[in-house]
Amino acid sequence: MKSDELFALLRRRGVLWPSAEIYGGAQGLYDYGPLGAALKRRVEEAWVAWFPGLSHDYYVIEPAEILPEAVVRASGHLENFTDPEITCEQCHASFRAETVLEKVRPEGVDGLSPTQIAEIVSARQVRCPNCGSAALSVPRSFNLMFGMDFGVTGKERAYLRPETAQGSYLSFARMWDVGRRALPLGIAVVGKAYRNEIAPRQLLFRMRAFTQAELQIFFDPATFPVPFDSVRDERLPVLRVARRSAGEESPELVSAGDLAASGGLPEFYVFHLVHSFRFFRDVLRYPADRIRLFEKSDAERAFYNRIQFDIEVRLESLGGFKELGAVHYRGDYDLRRHSEGSGRDLSVTLSAGTKVLPHVLELTFGVDRNVWALADVHLVKDGERTIWRLPPYLAPVPVGVFPLMAKEHAAYALRLSDDLESQGISNRYDEAGAIGRRYARMDEVGTPFCITVDGRTLEEGPDRDTVTLRDRDTRSQERLRVTDLVARLRPALVAPRPRRA
RNA sequence: GCGGGCAUAGUGUAGUCUGGUUAUCACAUAGGCUUGCCAAGCCUAUAACCCGGGUUCAAAUCCCGGUGCCCGCACCA
């Protein structure tokens, strides 16, 4: 489905719509409706079960969304989260200052003010890379963070967090004591991050307020033991830098063992890459042949990342592979910067007596992007019917309960709906229209199971208190006792989780 | 940010060029009749010209500004 059509469907069904619509909308902001909010919540729950579920020493916290200026100065966001831009007055093309100046100033423009950049442009007679004109504008400096006054004096500055990870770094010292004073230690955050994007576009793929799920694993660089044998034979669809520079865009299947042995990647990194891949393939159920692990080159990744693979999924609506998650080996950059910035030594003493500044492995996941991808991948047309083949444990409404005939079976069906709800089976009751139309409605919102109360349910005899259970994907029906429903449904509604190391 | 295109019920649309009756049609939604396990049929109802200004006797239609969406460029620590 193209993105327009998909978005129209999601709007109509109450999954998602533009924010502040009655005022004409606000760029880069979207609201989730009932179905979208429920779906997003289930995706977050599945993520928490899977990633923080990898170890007893991984914790989920909820840090503040507002960062004092000192924090973003230390993290580098204040100076680096900006893009000095130069615009050509002649042809109206615009470029990063760094690009325009790369010949006359190969060391880059970090730390230069817009005025200094303008002076270099005029002194060196730099011309537009596009049309050759000398009519280049003074660069604007634009910080991608939302800043605000903080406190009553208005003198203090603070910023909405541009990524959730900072909260984990800030909490590390406290968590070292709350946890077992051992490495590895994992700190996960699921929450909003904010970026004042220049050109928000492609719906949920570049928003100004978006939800990230990130696990920061702090570890001793000398040793990060992982049960590597449990993943050694997994074959991963990787697209490495060497293969990319040969012009290839399709991934090749390489075993985890080979990636570590001859591929030059540490075992702990490959281990977590496998678990990330499995989450996308086995939990979100994106088809394996639509997933690729895209290695970022030195030039492409942030300077502090030592290894970076983006997890990409091919989306029909957006016409190509899109980044939905990533695995970053960030080294000791974060704790070192915050040690320097705060004056507090964040290195720790291990039980063996050695003192180390932990390194960070970051597993990051874009929640909103995956909500969109789950629609793109699993929402399919079958003739006249539209079916959202979501994994059952992600379905916003997992169960529908219908009376075959409203007049005769409604009372029983309503009671059944209530009973299921109180036993933790979330469901929707519907008696409007023909039964086939109700099934179709539920197919479209991804409900995997529909229960129908009919004449046999109410009759005396062997079928008393039995109902039909209809499957969304096969459309097959089975007849079973009402008392067996919960045991039958519950296992399908629990997201998978890995075995703990 | 730049350039181009577009904006009509919940959704998709006709009408705009060439200003003029009660703004077209389909689907969806709600109610009724009928039917009773996969979007059936009939009747009825709800519901729209993105926002602001201008031109005109008269604006969905022409002009200006804004907002939003799409495409390309640029950007995405």
Side-chain angles (χ1 to χ4, degrees), chain A residues 2-5 7-14 17-29 33 72 75-100 110 129-130 137 139-140 142-145 162-163 165-166 195-203 205-208 210 300-305 318-319 323 328 330 333 382-387 400 402-409 431-444 450-456 467-472 474-477 479:
Chain A
K2 293 306 295 175
S3 73
D4 282 356
E5 189 184 357
F7 188 40
L9 180 62
L10 297 179
R11 274 201 309 271
R12 183 160 55 82
R13 281 303 181 195
W17 53 75
S19 220
E21 246 184 324
I22 61 170
Y23 285 98
Q27 255 190 0
L29 299 177
V72 294
S75 70
H77 286 96
L78 199 54
E79 56 176 317
N80 289 329
F81 218 61
T82 56
D83 291 297
E85 258 193 15
I86 295 179
T87 304
C88 174
E89 313 275 357
Q90 190 72 37
C91 68
H92 300 296
S94 57
F95 310 89
R96 297 181 66 188
E98 194 174 282
T99 310
V100 179
D110 283 354
N130 186 42
S137 73
R140 296 169 299 105
F142 181 73
N143 194 292
L144 263 48
M145 286 191 296
E163 60 177 15
Q166 294 305 320
R195 295 181 192 177
N196 196 7
E197 295 285 355
I198 296 170
R201 224 176 257 190
Q202 293 197 308
L203 301 150
F205 275 73
R206 206 190 299 176
M207 297 200 288
R208 289 189 164 136
F210 58 102
E300 289 165 333
R301 61 179 187 257
F303 65 91
Y304 49 74
N305 274 335
L318 298 175
E323 176 196 347
H328 302 143
R330 298 173 67 124
Y333 174 77
D382 179 10
E384 285 285 284
R385 293 150 36 89
T386 305
I387 310 170
F402 311 146
L404 182 60
M405 283 177 279
K407 281 174 189 159
E408 296 177 32
H409 313 124
E431 60 172 41
I435 188 79
R437 179 183 296 265
R438 285 177 256 161
Y439 287 145
R441 261 199 292 258
M442 298 314 276
D443 286 344
E444 197 171 77
C450 289
I451 296 165
T452 301
V453 172
D454 61 15
R456 284 161 70 184
V467 292
T468 59
L469 180 66
R470 180 257 191 190
D471 181 272
R472 175 193 65 202
T474 63
R475 298 168 74 177
S476 64
Q477 293 188 21
R479 189 146 202 110

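Within every chain, numbering begins at 1; the chains are lettered A, B, ... in the order of the sequence lines, protein sequences first and strands thereafter.
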Distance between P atoms of rC25(B) and rC42(B) (Å, rounded): 16 Å

Pick the P atom in rA30(B) and in rG68(B), then give their distance to the nearest Å. 34 Å

Which whole-number value in Å describes the distance from I22(A) CD1 to rG68(B) P? 15 Å

Select from R201(A) and Y23(A) the residue whose nearest nucleotide in RNA chain B is closer to the 5' end of that strand. Y23(A)

Euclidean distance, atom CZ of residue R208(A) to atom C1' of rC75(B) [Å, nearest integer]: 13 Å

Find out whether R456(A) and R479(A) are in side-chain contact, i.e. whether some heavy atom of one side chain is under 4.5 Å from a heavy atom of the other. yes

Which value, in whole Å, describes the distance between the P atoms of nucleotides rA9(B) and rA23(B)? 15 Å

Ion pair E444(A)/R12(A), N-O distance below 4.0 Å: yes

Pairwise P distance, rA39(B) and rA47(B) [rounded to whole Å]: 30 Å

Could you state the atom-to-atom distance from CD of E5(A) to C1' of rC69(B) in whole Å? 17 Å

Interatomic distance, R195(A) CZ vs rC76(B) P [rounded to whole Å]: 11 Å

Is there side-chain contact between P18(A) and L29(A), with at least one heavy-atom pair below 4.5 Å? no

Measuring only the P atom in each nucleotide, how far is rU44(B) from rU61(B)? A whole number of Å is fine. 33 Å

Can a cation-pi geometry be assigned to R11(A) and F7(A), taking NZ or CZ under 6.0 Å from the six-membered ring centre and within 45° of the ring axis? yes

Between rA74(B) and rG4(B), how far is it from one C1' atom to the other, in whole Å? 15 Å

Check: S75(A) main-chain N/O paired with Y333(A) side-chain donor or acceptor under 3.5 Å: yes

P gap between rG20(B) and rG15(B), integer Å: 13 Å

Please work out the stems of RNA chain B from pairs that are Watson-Crick or G-U wobble with both distances under 3.5 Å, keeping only runs of three or more consecutive pairs. B:1-7 with B:67-73, B:10-12 with B:25-27, B:29-33 with B:41-45, B:50-54 with B:62-66

Are the side chains of I435(A) and T452(A) in touch, meaning some heavy atoms are under 4.5 Å apart? yes

From T468(A) OG1 over to L404(A) CG, what is the distance, rounded to the nearest 0.5 angstrom? 8.0 Å

I'd like the C1' distance from rU24(B) over to rG32(B), given in whole Å. 27 Å

Determine whether M145(A) and H77(A) satisfy the following criterion, side chain to side chain contact (heavy atoms under 4.5 Å, CB included), listing intermediate values before the conclusion. CA-CA 8 Å; M145(A) 286 191 296; H77(A) 286 96; 3.8 Å; yes

So if I define the base as every atom that isn't primed, P, OP1 or OP2, how would nucleotides 30-52 of chain B read as a B/S/- string at a heavy-atom cutoff under 4.0 Å? ------BBBBS------------

With distance as the sole test, does R330(A) use its side chain to make a donor-acceptor pair with the main-chain N or O of N305(A) at under 3.5 Å? no

Between the protein and nucleotides 5-14 of chain B, are there any N/O to N/O pairs under 3.5 Å, and if so, what are the atom names and distances?
none

When rounded to the nearest 0.5 angstrom, what is the spacing between CZ in R438(A) and CZ in F402(A)? 6.5 Å

Go through D382(A) and R475(A) one step at a time and tell me if the salt bridge (Lys or Arg N to Asp or Glu O under 4.0 Å) criterion holds. CA-CA 12 Å; D382(A) 179 10; R475(A) 298 168 74 177; 5.1 Å; no

So, is Q27(A) near the phosphate of rC69(B), with a side-chain N or O under 4.0 Å from OP1 or OP2? yes

Please state how far atom CD in Q202(A) lies from atom P in rC71(B), giving the value in whole angstrom units. 6 Å

Looking at R470(A) and I451(A), would you say the former's side chain and the latter's main chain have a donor-acceptor pair under 3.5 Å? no

Atom CZ of R206(A) and atom C1' of rC70(B) are separated, to the nearest Å, by 15 Å

